[in-house]
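Data block below; observations after.
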Amino acid sequence: QVQLVESGGGLVQAGGSLRLSCATSGRTFGTYAMGWFRQAPGKEREFVAAISWSGGSTVYADSVKGRFTISRDNAKNEVYLQMNSLKPEDTAVYYCAARGSRSVASRTNDYDYWGQGTQVTVSS
């Protein structure tokens, strides 16, 4: 069982930055690929970014490519999402997810464990 706890959300003006963190429990963090997803009101949960178990492979949604960076620290059992040049359309609840596989994936069904989410609001 893996437990995930997100932090770092908040209110920021357009053009600003936030760094989300996801703390995980469990000894096998280093064997899990990790992902970030988001869900805006009235919309389906969508993929944002993912990182392989080693951090050597990353993938991003087109909407955040060049602005967001996913990273991980296996020694601390944490994964991060650095978000720069934020836009009002980035407003959503952001979720951290863990996948019982070492390779990256972008579908919600590919992930086995989910955090409770952290709210990110970008004002115009």
Side-chain angles (χ1 to χ4, degrees):
Q1 187 73 13
V2 177
Q3 293 185 330
L4 311 173
V5 179
E6 303 95 336
S7 62
L11 173 64
V12 64
Q13 288 188 334
S17 298
L18 281 175
R19 187 191 193 213
L20 304 183
S21 298
C22 175
T24 73
S25 65
R27 299 179 180 177
T28 57
F29 174 75
T31 65
Y32 286 85
M34 301 294 295
W36 286 96
F37 290 75
R38 66 187 182 186
Q39 188 166 17
K43 294 187 177 182
E44 292 187 353
R45 192 169 298 189
E46 66 174 6
F47 171 75
V48 175
I51 189 167
S52 63
W53 69 280
S54 66
S57 179
T58 58
V59 63
Y60 297 91
D62 288 343
S63 59
V64 306
K65 201 171 295 183
R67 300 188 297 122
F68 291 10
T69 303
I70 188 171
S71 61
R72 67 189 295 162
D73 186 335
N74 287 350
K76 295 183 178 180
N77 286 3
E78 293 184 348
V79 63
Y80 311 100
L81 185 68
Q82 177 66 44
M83 305 186 295
N84 299 329
S85 302
L86 283 161
K87 305 175 181 180
E89 51 263 43
D90 294 319
T91 295
V93 176
Y94 282 71
Y95 297 90
C96 174
R99 179 167 186 251
S101 169
R102 298 188 173 191
S103 60
V104 295
S106 61
R107 300 180 304 173
T108 56
N109 289 345
D110 290 325
Y111 288 81
D112 304 295
Y113 305 100
W114 293 84
Q116 293 300 307
T118 184
Q119 177 70 47
V120 171
T121 303
V122 184
S123 64
S124 57

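Atoms considered below: every heavy atom in the structure, side chains included; atoms not considered: hydrogens, waters and symmetry mates.
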Report task. State, to 0.1 Å, how close S17 and S85 come at their nearest heavy-atom pair, and which atoms those are. Result ->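 Nearest pair, atom of S17 first, then S85: OG-N, 4.3 Å.
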Query - Over all atoms of both residues, closest heavy-atom pair of C22 and L4 - result: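 Minimum heavy-atom contact is SG-CB, 3.9 Å.
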Using the rule side chain to side chain contact (heavy atoms under 4.5 Å, CB included), only one of [options] pairs with [X]; which is it?
X: Y32; options: W53, Y111, Y113; value: Y113
X: V104; options: V59, I70, T58; value: V59
X: Y94; options: M83, Q39, E6; value: M83

Requested in this report: Using modelled atom types only, decide if a donor and an acceptor are shared between the side chain of T118 and the backbone of S7 within a distance under 3.5 Å.
Outcome: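 Such a contact is absent between T118 side chain and S7 backbone.
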Query raised in the report: Under the 3.5 angstrom rule, does the side chain of R99 hit a backbone N or O of D110 as a donor-acceptor pair?
Result: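 Yes; at least one donor-acceptor contact below 3.5 Å.
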Report task. Any chance you could lay out the salt bridge (charged side-chain N to carboxylate O under 4.0 Å, His left out) test for D62 and K65, step after step, and finish with the verdict? Result -> CA-CA 5 Å; D62 288 343; K65 201 171 295 183; 3.1 Å; yes
Query raised in the report: Angle class for the F37/F47 ring planes (parallel below 30°, perpendicular above 60°, tilted otherwise)?
Result: perpendicular
Requested in this report: May I ask you to check whether over 12 heavy atoms, not counting those of R102, lie within 6.0 Å of atom CZ?
Outcome: yes
Query raised in the report: Any side-chain donor paired with an acceptor under 3.5 Å for R67 and S63?
Result: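 Their side chains do not contain a donor-acceptor pair, so the 3.5 Å distance test is not met.
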Requested in this report: Indicate whether any N or O donor in one side chain lies under 3.5 Å from an N or O acceptor in the other, for Q82 and Y80.
Outcome: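 Note: Q82 and Y80 side chains miss the donor-acceptor criterion.
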Query raised in the report: Would you say the side chain of V120 lies within less than 4.5 Å of the side chain of R38, judging by non-hydrogen atoms?
Result: no
